[in-house]
Amino acid sequence: MPQRIGFLLECLWHAVHHQPMRITTWNVNSLNVRLPHLLEYLTEFEPDIVALQETKLPDEKFPAPEIEAAGYRVIFSGQKTYNGVAILSRQEAGEIVSGIPEFDDPQQRLLAATIDGVRIVNVYIPNGQEVGSEKYAYKFAWLSAFRDFLKLEMEKHERLVVLGDFNIAPADSDVHDPKRWQGKIMCSDDEREMFAEIINLGLVDTVRELYPDEPMFSWWDYRMNAFRRRWGIRIDHLLATPLMQPAAAGVATDYRARERPSDHAPVWVDFN
DNA sequence: ATGGTAGGGTTCCTA
């Protein structure tokens, strides 16, 4: 009899843990300004997990009450003016890590947590400004430390999603005008090689897996009417271990078309 | 080769 109960409990556990999960990433470019858009997004898409970047808020000014009132728990690692990351979730977040361990960095760009048995690693990878610049060197120092950290995380967690603003367009198919962007920041060979190294740790680019031939842009420059002209690039990604199987994905471009939008649109993936 | 816009914090930095 106890054996049978144990079996039933196990079935129940699996049933609970095999619910589809909607996981999403959005560089909001100031959560202060974008909070109304975020709250609308939560209502419209009902995501299970949301990774935010560029909150641009110190922790004491984070709008946790508004987010909690919308039915989400939230953890955050922010600073004044720049950077800042947060994770919203229906379920509680555990094993929280903020910043890359052993990489001394005043910029708040990484937040990891385990939610519903899935390891979530939210990143705001440095932009790099210009190929060869000081900030470009910082981007690579950051990426090297991040790659090494991710390798360790993947050894500990079979079910893992690393998501966020990578500031890298992995291929020419991720760029509206590959000629104009060739060798430029976010599209240089070295950056793409680093992206491939991260993939080669054993991750799947879930959006590309589901849409091998669509543009799937996630960022459009504020300048030159770039969004209206469809001048976008795909730099926001959700990479997952093979156990995390993507069933559907999309970019909520509508949020880029609104009044006072972020320059990024939310990217979402439903996992089986 | 350059310029254009947005956010935040102030007379400029980052994207």
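Proteins get letters first, then strands, A, B, ... in listed order; numbering begins at 1 in each.
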Heavy-atom contacts, protein to nucleotides 7-12 of chain B, under 4.0 Å, summarised as B (base), S (sugar-phosphate only) or - (none) per nt, yield SSS---
What's the NE2-C1' distance between His264(A) and dA6(B), to the nearest Å?
12 Å
Between dT2(B) and dA6(B), how many Å separate the two P atoms, rounded to a whole number?
23 Å
With clusters defined by side-chain heavy atoms of hydrophobic residues (ILVMFWY) lying less than 4.5 Å apart, directly or transitively, does Val269(A) cluster with Ile120(A)?
yes
Specify the separation, in whole Å, of atom CG of Asn127(A) and atom C1' of dT14(B).
8 Å
Rounded distance (Å) that lies between atom P of dT5(B) and atom CD of Glu54(A)
19 Å
At under 4.0 Å between heavy atoms, what does Arg229(A) touch on the DNA or RNA strands: base, sugar-phosphate, or nothing?
nothing
Applying side chain to side chain contact (heavy atoms under 4.5 Å, CB included) to Asp254(A) and not counting sequence neighbours gives Arg258(A)
Check: Tyr255(A) ring centre within less than 6.0 Å of His264(A) ring centre
no
Span that lies between the P atom of dG4(B) and that of dG8(B), in whole angstrom:
23 Å
Quick one: label Phe227(A) by what it contacts on the DNA or RNA (base, sugar-phosphate, nothing), any heavy atom closer than 4.0 Å.
nothing
Whole Å only: how far is the CG atom of Asp221(A) from the P atom of dG3(B)?
14 Å
Going by atom types only, do Asp177(A) and Trp231(A) share a side-chain donor-acceptor pair under 3.5 Å?
no
Check the distance between dA15(B)'s P and Arg223(A)'s CZ and give it to me in whole angstrom.
12 Å
Does a salt bridge link Arg208(A) with Asp174(A), judged by any charged N lying under 4.0 Å from a carboxylate O?
yes
Map Asn27(A) and Met224(A) onto DNA chain B by nearest heavy atom, then report which one ends up closer to the 5' terminus.
Met224(A)
To the nearest angstrom, the CZ-P distance between Arg258(A) and dA6(B) comes to 18 Å
Nucleotide dT5(B), atom P - distance to CZ of Arg256(A) in whole Å
13 Å
When the P atoms of dT5(B) and dA1(B) are considered, how many whole Å apart are they?
23 Å
Roughly how far apart, to the nearest Å, are dA15(B) and dG3(B) at atom C1'?
15 Å
If I take atom OH in residue Tyr136(A) and atom P in nucleotide dA15(B), what distance separates them, rounded to the nearest angstrom?
15 Å
Can you list every pair that meets ring pair (Phe, Tyr, Trp, His ring centres under 6.0 Å) and has a residue in residues 105-130 of chain A, with sequence neighbours left out?
none
Donor-acceptor side-chain pairing of Asn83(A) and Glu54(A) below 3.5 angstrom:
no
Assign each of Lys184(A) and Asn225(A) the nucleotide of DNA chain B bearing its closest heavy atom; nearer the 5' end lies the nucleotide of Lys184(A)
